[in-house]
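What follows is one structure encoded as structure tokens, with my remarks underneath.
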There are 2 protein chains.
Amino acid sequence: MFQTAKQTKVFQDVVEQIQEAIFDGRLTAGQTLPAERELKEMFNISRGTLREALRVLEQKGLIEIKLGVGGGSVVRTVDTDQISESLGLLIRSQKVSLNHLAQFREDVEGIVAAHAAKNHAAEDIRKLKYLLAKAHACVRKGGSHRNMFIDIDKQIHMTIAQITANPVYISVLHSIHDNIHRYYDRFLSMQKPELEENYNDLCDMVDAIENGDDEMARKLAQQHVKRFNQYMKKREEEK
Amino acid sequence: MFQTAKQTKVFQDVVEQIQEAIFDGRLTAGQTLPAERELKEMFNISRGTLREALRVLEQKGLIEIKLGVGGGSVVRTVDTDQISESLGLLIRSQKVSLNHLAQFREDVEGIVAAHAAKNHAAEDIRKLKYLLAKAHACVRKGGSHRNMFIDIDKQIHMTIAQITANPVYISVLHSIHDNIHRYYDRFLSMQKPELEENYNDLCDMVDAIENGDDEMARKLAQQHVKRFNQYMKKREEEK
DNA sequence: TTATTATAATGGTCTAACCATTATAATACT
DNA sequence: AGTATTATAATGGTTAGACCATTATAATAA
């Protein structure tokens, strides 16, 4: 009949109050909270308790705590860092494997490409082609520019995600990329022939998007990611 | 040429040490850490600093802190709560709207249903049909059992996600549902005719999965979710 | 004008005590 | 003997006040 009574922990109450102030606009991004010694008076709590609350808010990504004069707790713009971190924790605790993440990535990149095919502006295609030209330059220079190529590849995928204008896709893809690169880079083996193959995939994919062919864009994006995944698995097995 | 030098903050070092101990198995889920007064000696730090570290680990979802005798910091099994929470923060800071999340959900449910169609065991279908029967009972009883129907609907979707055997889909869908219900329930308007419509959608979807027709399963899942979204938007506009 | 140095504001850490919660053991009651 | 009550002690939660470390800015010197 009743709900569990509200927790009475002081630091939680402080976390909630500050969080609510951020969400209803009484505190806005960039704004600095009062100094700890002032805040503690305002809440009528000890500094230790206040600091526990601030640590929690920091870990949630809502504030950033800076040292020194002019420092303090600055309200942040919420972004996808915490989602990435949490996904990373799942991976590190072996709840999620490379295969799991790779399979998910194939689907998501497919969907994103399909949406982009139905949704793009001329400006988007221009940006993609500019990135393709940069990628092409890397390919010509071969394996030594592997890292730069991978970085541009990532930019291309994120640019396509931007086209959807849906922050969920952007966040999700961002989190996937973060973690693919943080934990699985070591598996990635690409020399000049693989770079060329990959580059051609990207060109075809961008073409399909430009032509508004969503099914083709989806298929090509999936195939591109699948190839990428295979390079990683290959390398993993060689070990 | 060089990386930023390692942060010297004591509590961060403690967070990392405990986190690493969890990931390489020196600490396992269910295990209780030494009491704060012991831990502080082991790390040779003050209790306040230790507690900041423990708060951070708690917020990361790695430990749970219990009060009283036999309490202490218990190592948790990492789950999707943190991802859900972070997604919730993005929503509350208006970085993500109902439309954004709904669109993403359509795609993900489609994918998950398609995978399930290609991947299910007889046991899975049995469970789904059992849930459908329960849903049917709710429909017969009409709008008063709306909440129960929605709960079963959710269970059906999560069961389908389980069939994929990919924890990423399960986590993502879990996070979506958590937030759809936390923030958007108030928009949901369903009476008996809508419940029937929804129930029929679910039956068709399960049939397609049973028959291994992945494209049909995808299409039906998307349509089902889309209808669901439309009820929400309708209600939102009525306000 | 520029480089150096002092100042003070601010977060980071420490010590030591007491409060609040809770499982368990001791006690009293039937 | 068995059951309800009460005390005990372990554990996290909170407080208070001090000092350390970092850093932007102001004061000073070259």
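Please read these numbers as outputs of a predicted model, since none were measured by experiment. Naming convention: chains lettered A, B, ... in sequence-line order (proteins, then strands); numbering from 1 in each chain.
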Gap between atom [atom2] of [Y] and atom [atom1] of [X] - 0.5 Å precision:
{"X": "Ile22(B)", "Y": "Leu57(B)", "atom1": "CD1", "atom2": "CG", "answer": "6.5 Å"}
{"X": "Ile63(B)", "Y": "Leu54(B)", "atom1": "CD1", "atom2": "CG", "answer": "4.5 Å"}
{"X": "Leu131(A)", "Y": "Ile152(A)", "atom1": "CG", "atom2": "CD1", "answer": "7.0 Å"}
{"X": "Thr80(A)", "Y": "Lys95(B)", "atom1": "OG1", "atom2": "NZ", "answer": "11.0 Å"}

By salt bridge (Lys or Arg N to Asp or Glu O under 4.0 Å) - contacts of Glu52(A) (at least two apart): Arg51(B), Arg55(B)
Flag side-chain contact, heavy atom, 4.5 Å: Ile176(A) against Leu173(A): yes
Set of side chain to side chain contact (heavy atoms under 4.5 Å, CB included) partners for Asp24(B), sequence neighbours left out: Glu20(B), Arg26(B)
Side chain to side chain contact (heavy atoms under 4.5 Å, CB included) partners for Lys154(A), two or more places apart: His177(A), His181(A)
DNA chain D contacts made by residues 47-72 of chain A, counting heavy atoms under 4.0 Å: Arg47(A), Thr49(A), Leu67(A), Gly68(A), Val69(A)
Sub-4.0 Å heavy-atom contacts from residues 32-41 of chain A onto DNA chain C, ordered by number: Ala35(A), Glu36(A), Arg37(A)
N-O pairing of Arg76(B) and Asp81(B) below 4.0 Å: yes
First and last nucleotide of DNA chain C, 5' to 3', lying under 4.0 Å from heavy atoms of chain B: dG12(C) to dA23(C)
Exceeds 12 heavy-atom contacts within 6.0 angstrom, atom NZ of Lys66(A): no
